[in-house]
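Notes follow the structure.
Along the sequence shown, the residues carry numbers beginning at 1. Counting starts at 1 for both ligands and their atoms, following the listed order. Keep in mind that what you see is a predicted model, and the values were worked out from it rather than measured.
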Amino acid sequence: MKIPVIAAGGIADGRGMAAAFALGAAGVQVGTRFAATVESSGHEFYKQKIVEANDGATVLTYRNIVPLRAMKSPFMAQVQKEENEKGMTRERMMELHARGRERKGIFEGNWEEGELEMGQSSGLVRDIVPAGEVVRRMMEEFEEIRNRITKI
Ligand SMILES: Cc1cc2nc3c(=O)[nH]c(=O)nc-3n(C[C@H](O)[C@H](O)[C@H](O)COP(=O)(O)O)c2cc1C
């Protein structure tokens, strides 16, 4: 049986897409890049934070339960500190995230109480543009790389 592999995580431009195809992927799944587009339902604050992020702007928490990557913030620092010092249980994770953290951060732009989920690929996002423009740029970069590589 042939199972197509879709590469996901860290792909935000045509270079990442070309790398994934070179490794044998049949397609790519793109998350964070589309969260920072005009059509995205995220709050303007959240989109702006994705643009501001560099490659070290995020933190991975709840590794042994349901790994979650989000922008470093006072709330995420609190979660990380607790996890490092005491470890983390599913019950405690549910408690910490019970107050609609994602909604507050992503849809309401609440920096203090919310949580801004984004991948390390946020470091590659430089502007908020229409989703169609993201696709157009990705394809242009991808084709450019493909043409270059086939000449080697
Ligand atoms: C707003 C947002 C919500 C997400 N929610 C989930 C989720 O519920 N479960 C999950 O496994 N991953 C979630 N992710 C992580 C995506 O799986 C991840 O972004 C995807 O692998 C693509 O990687 P990329 O963001 O670097 O393109 C979320 C990412 C974003 C940006």
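- Taking the salt bridge (Lys or Arg N to Asp or Glu O under 4.0 Å) definition, one finds that Arg15 meets it with Asp13, sequence neighbours left out.
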Inset, instruction - Dump the intermediate steps for side chain to side chain contact (heavy atoms under 4.5 Å, CB included) on Thr58 and Ser122, then the final yes or no. - result: CA-CA 9 Å; Thr58 65; Ser122 52; 4.0 Å; yes
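- Considering only heavy atoms from C-beta on, Ile11 stays 4.5 Å or farther from Gln29 through its side chain.
- With sequence neighbours excluded, the residues satisfying side-chain contact (heavy atoms from CB on, under 4.5 Å) with Arg92 are Glu82, Met88, Thr89, Glu95, Leu96.
- For residues 56-70, there are no salt bridge (Lys or Arg N to Asp or Glu O under 4.0 Å) pairs, not counting sequence neighbours.
- The pair Arg137-Glu140 does not count as a salt bridge, with every side-chain nitrogen at least 4.0 angstrom from each carboxylate oxygen.
- Contact residues of ligand 1 (protein heavy atom closer than 4.0 angstrom to a ligand atom; sorted by chain and number): Ala8, Gly9, Gly10, Ile11, Gln29, Val30, Gly31, Thr32, Tyr46, Ile106, Glu117, Ser121.
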